[in-house]
Amino acid sequence: YRYNADGTADGFFVNSGFNSITGIKELANGDILVSGNASNRVVRYTANGTLVGNFDANITTPMGIIELPTGEILIASYISNLIYKYNADGSNRTTFANALSGPLGLVYTLSGHIWVTNWGGQSITRFNADGTGRLNITTPYSSSSGIIELPNGKILVSFHGGQIVQFDADDTNPITIATNVGSGLRHMTLLADGRVLVAAMYSNKVHVITPATTTNRVPVQVTVNSTPAPTAAAQTICSTTTVANLVTTGTNLKWYDVATGGTALATTATVTAGTYYVSQTVNGCESERTAVSVTVITKPIIADKVFCYGA
């Protein structure tokens, strides 16, 4: 069946002639390849659903299918633990890779690599486009199945247990972005709007997820400036003294009447007896506060006196 982007069927139907369809790939020329592991063959259709014929009539449990930029075709053979390579017309079948562990999904990435999911064990495998540079990558879960590349170059992998994991393009930094998505996750498809369709075989559903868009990490140099508290001694002042007249050594001073929090006092505020706290700010970093004890001397009031001359 074929569906519109909103999930409604568009009426297009192809009778493949075999059960247990395990892979489907639209080719650059518009043709469609369909694999069926119960029938052990891969067939080709035109874009309008007309059967062209067998692409490979004798391949054991075919699964994922991809088309390389050269026009060559790769098909995973699950039971054989192989990946076969073909000419565009299905001729000249050769072994692209062997000794895999139940290969299911395939993807060719913009970096020129081929990634393969392995149902058996707990790994995925990456190759260069020519089959060299084989690299086995340990995964956080077992039984990987579907695999796609996102527009930002990151790789999404689905797992049988319902998890979806994102890898950086250099095969590092695996991050689990979803769990319990569905039972028996299989193939994934990237939609034009960035959403991802995920097929869940045992629950007979297709789920939609929206991976968060993130960039690869880059190093950032961080410098932490430590500003020392200013120095100040206890002070004795007159009752009319303001904050501006308090004495301390520092830069861009701020005076407070509390040890933490609060609002800096205005320089015109009158000082009363008690403890004040002063900080300094250097390179935009304010220091801890220094406590300063302030004693206020009240100006004495002298009464008028009358004296007698010669007394």
Engineer: Please name the pair of heavy atoms, one in Val278 and one in Pro230, separated by the smallest distance, quoted to 0.1 Å.
Structural biologist: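 Of all heavy-atom pairs spanning Val278 and Pro230, the closest is O-CG, 3.5 Å.
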Engineer: Distance alone, cut at 3.5 Å: any donor-acceptor contact between the side chains of Gln163 and Thr176?
Structural biologist: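 No, no side-chain donor-acceptor pair sits under 3.5 Å.
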Engineer: What's the spacing between Asn92 CG and Ile73 CD1 if we round to 0.5 Å?
Structural biologist: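 If we round to the nearest 0.5 Å, Asn92:CG and Ile73:CD1 are 13.0 Å apart.
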Engineer: Are any side-chain N or O atoms of Gln280 and backbone N or O atoms of Thr227, one a donor and one an acceptor, separated by less than 3.5 Å?
Structural biologist: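 Judged by distance alone, no pair lies under 3.5 Å.
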Engineer: Rounded to the nearest 0.5 Å, how far does CD1 of Ile164 lie from CD1 of Ile147?
Structural biologist: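 Reported value, rounded in 0.5 Å steps: 12.5 Å.
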Engineer: Same cluster or not: Ile237 versus Leu265, using hydrophobic residues (I, L, V, M, F, W, Y) connected whenever any side-chain heavy atoms lie under 4.5 Å apart?
Structural biologist: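 They do share one cluster, since a chain of ILVMFWY contacts under 4.5 Å joins Ile237 to Leu265.
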Engineer: Pairing donors with acceptors under 3.5 angstrom, does anything connect the side chains of Ser144 and Thr139?
Structural biologist: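 On atom types as modelled, these side chains do not qualify, holding no pair under 3.5 Å.
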Engineer: Output yes when a side-chain donor or acceptor of Arg126 lies under 3.5 Å from a complementary backbone atom of Gly133, and no otherwise.
Structural biologist: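 No, Arg126 side chain to Gly133 backbone: no donor-acceptor pair under 3.5 Å.
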Engineer: Working note: Leu191 + Val196, criterion side-chain contact (heavy atoms from CB on, under 4.5 Å); need CA distance, chi angles, decisive distance, verdict.
Structural biologist: CA-CA 6 Å; Leu191 301 179; Val196 175; over 6 Å; no
Engineer: Quick one: closest heavy-atom pair of Ala169 and Gly153, and the distance?
Structural biologist: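 In this case the closest contact between Ala169 and Gly153 is CB-O, 3.3 Å.
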Engineer: Quick one: are Thr290 and Thr248 in side-chain contact, heavy atoms under 4.5 Å?
Structural biologist: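 Counting from C-beta outward, Thr290 and Thr248 never come under 4.5 Å.
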Engineer: Hey, are the side chains of Tyr108 and Pro69 touching, using non-hydrogen atoms and a 4.5 Å cut-off?
Structural biologist: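 Result yes, sub-4.5 Å side-chain heavy-atom pair found.
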Engineer: Nearest 0.5 Å, please: how far is CG in Asp31 from CG in Asn29?
Structural biologist: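 Between Asn29 CG and Asp31 CG, I get 4.0 Å after rounding to 0.5 Å.
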Engineer: Mind checking whether Ile79 and Leu104 sit in one hydrophobic cluster, side chains of I, L, V, M, F, W, Y counted as touching below 4.5 Å?
Structural biologist: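 They do share one cluster, since a chain of ILVMFWY contacts under 4.5 Å joins Ile79 to Leu104.
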Engineer: What closest approach, in Å, do Leu190 and Pro151 show between heavy atoms, and which atom pair accounts for it?
Structural biologist: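 Heavy-atom minimum between the residues: CD2-CD, 3.8 Å.
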Engineer: Could you please spell out the steps behind the side-chain contact (heavy atoms from CB on, under 4.5 Å) verdict for Ile155 and Thr109?
Structural biologist: CA-CA 9 Å; Ile155 307 298; Thr109 65; 3.7 Å; yes
Engineer: Applying a strict under-4.5 Å side-chain criterion to I, L, V, M, F, W and Y, I'd like to know whether Ile66 and Leu27 cluster together.
Structural biologist: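 Per the 4.5 Å side-chain linkage, Ile66 and Leu27 are not co-clustered.
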Engineer: Is there a donor-acceptor contact under 3.5 Å linking the side chains of Thr260 and Tyr277?
Structural biologist: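 No, no side-chain donor-acceptor contact under 3.5 Å.
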Engineer: Leu185 and Val208: same hydrophobic cluster, using ILVMFWY side-chain contacts below 4.5 Å?
Structural biologist: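 Leu185 and Val208: separate clusters.
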Engineer: Hey, could you give me the CG/NZ distance between Leu106 and Lys25, rounded to the nearest 0.5 Å?
Structural biologist: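 Separation between the atoms: 10.0 Å.
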Engineer: Would you please test Val294 and Leu246 for side-chain contact (heavy atoms from CB on, under 4.5 Å) and show each step?
Structural biologist: CA-CA 9 Å; Val294 176; Leu246 294 176; 4.3 Å; yes
Engineer: Is the backbone N or O of Phe159 less than 3.5 Å from a side-chain atom of Ser143, with the two atoms forming a donor-acceptor pair by type?
Structural biologist: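 No.
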Engineer: Tell me if a side-chain donor or acceptor on Ser158 pairs with a main-chain N or O of Arg186 at a distance below 3.5 Å.
Structural biologist: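 Checked: pair present.
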Engineer: Do Asn245 and Thr242 get their side chains close enough for a donor-acceptor pair, meaning under 3.5 Å?
Structural biologist: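 Yes, a side-chain donor-acceptor pair sits under 3.5 Å.
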Engineer: Can you see which heavy atom on Asn54 is nearest to which on Val43, and at what distance?
Structural biologist: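 In terms of heavy atoms, the two residues are closest at OD1-CG1, 3.3 Å.
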Engineer: Any side-chain to backbone donor/acceptor pair from Asn283 onto Cys285? Under 3.5 Å, distance only.
Structural biologist: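 No.
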Engineer: On a heavy-atom basis, which atom in Ser35 and which in Val42 lie closest, and how many Å separate them?
Structural biologist: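 Minimum heavy-atom separation between Ser35 and Val42: CB-CG2, 3.8 Å.
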Engineer: Please name the pair of heavy atoms, one in Asn40 and one in Thr61, separated by the smallest distance, quoted to 0.1 Å.
Structural biologist: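 Closest pair (atom of Asn40, atom of Thr61, distance): OD1-N, 2.9 Å.
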Engineer: Does Glu288 have more than 12 heavy atoms from other residues, nucleotides or ligands lying within 6.0 Å of its CD?
Structural biologist: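 Counting other residues, nucleotides and ligands, CD of Glu288 stays at 12 neighbours or fewer.
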Engineer: Compare all side-chain heavy atoms of Ser123 with those of Ile137 and state whether any distance is below 4.5 angstrom.
Structural biologist: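 Ser123 does not reach Ile137 side chain to side chain.
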Engineer: Please confirm whether the backbone N or O of Gly36 pairs with a side-chain atom of Ser39, one donor and one acceptor, at under 3.5 Å?
Structural biologist: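 Side chain of Ser39 to backbone of Gly36: no pair is present.
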Engineer: How about Ser279 and Ser287: do any of their side-chain heavy atoms sit closer than 4.5 Å?
Structural biologist: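 Sidechains of Ser287 and Ser279: in contact.
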Engineer: Decide whether Thr125 and Asn136 meet the rule of one side-chain donor and one side-chain acceptor closer than 3.5 Å.
Structural biologist: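 Asn136 and Thr125 do have a side-chain donor-acceptor pair below 3.5 Å.
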Engineer: What I'd like to find out is whether the side chain of Tyr276 reaches to under 4.5 Å of the side chain of Tyr256, using heavy atoms alone.
Structural biologist: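 A side-chain contact is absent here, since even the closest heavy-atom pair is not under 4.5 Å.
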Engineer: Is there a side-chain contact between Thr241 and Thr270 (heavy atoms, below 4.5 Å)?
Structural biologist: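 Result no, sub-4.5 Å side-chain heavy-atom pair not found.
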Engineer: Do we see a donor-acceptor contact under 3.5 Å between the side chains of Asn81 and Ser101?
Structural biologist: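 No - no donor-acceptor pair under 3.5 Å links their side chains.
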Engineer: What is the distance from atom NZ of Lys154 to atom CG of Leu156, rounded to the nearest 0.5 Å?
Structural biologist: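 These two atoms lie 10.0 Å from each other.
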Engineer: Can Tyr86 and Asp56 be counted as having a side-chain donor-acceptor contact under 3.5 angstrom?
Structural biologist: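 There is such a pair (donor and acceptor under 3.5 Å, judged by atom type) between the side chains of Tyr86 and Asp56.
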Engineer: Determine yes or no for a side-chain-to-main-chain donor-acceptor pair under 3.5 angstrom, with Glu67 supplying the side chain and Ala28 the backbone.
Structural biologist: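 Yes; judged by distance alone, with no hydrogens or angles, the pair exists.
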Engineer: Main chain of Ile177, side chain of Gln166: is a donor-acceptor contact present, judged purely on distance under 3.5 Å?
Structural biologist: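 Answer holds: no.
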Engineer: What is the distance from atom CD1 of Ile75 to atom CG of Leu82, rounded to the nearest 0.5 Å?
Structural biologist: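 One gets 12.5 Å once the value is rounded to the nearest 0.5 Å.
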Engineer: Describe, in one word, how the ring planes of Phe167 and Trp115 are oriented to each other, choosing from parallel (under 30°), tilted (30 to 60°) and perpendicular (over 60°).
Structural biologist: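 Aromatic pair Phe167/Trp115 classed tilted.
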Engineer: If only atom types and distance count, is the side chain of His187 paired as donor or acceptor with the main-chain N or O of Thr22 below 3.5 Å?
Structural biologist: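 Yes, His187 side chain to Thr22 backbone: donor-acceptor pair under 3.5 Å.
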Engineer: Are Thr295 and Gln235 close enough that some pair of their side-chain heavy atoms sits under 4.5 Å apart?
Structural biologist: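 Side-chain contact under 4.5 Å: no.
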Engineer: What about Tyr202 and Ile209, same hydrophobic cluster or not, with Ile/Leu/Val/Met/Phe/Trp/Tyr joined at side-chain heavy-atom distances under 4.5 Å?
Structural biologist: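 No.
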Engineer: Please assess Ile124 against Val157 for the test side-chain contact (heavy atoms from CB on, under 4.5 Å), listing each intermediate value before the final yes or no.
Structural biologist: CA-CA 9 Å; Ile124 54 179; Val157 179; 4.2 Å; yes
Engineer: Should Leu33 and Ile24 count as side-chain neighbours, where that means a heavy-atom distance under 4.5 Å?
Structural biologist: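 Leu33 vs Ile24: side chains apart.
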Engineer: Could you tell me if Arg41 sits above the aromatic ring of Phe55, with its cationic atom closer than 6.0 Å to the ring centre and no more than 45 degrees from the axis?
Structural biologist: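 Negative - Arg41 is either too far from the ring of Phe55 or too far off its axis.
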Engineer: Does Val181 offer a backbone N or O that forms a donor-acceptor pair with the side chain of His207 under 3.5 Å?
Structural biologist: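 Yes, His207 side chain to Val181 backbone: donor-acceptor pair under 3.5 Å.
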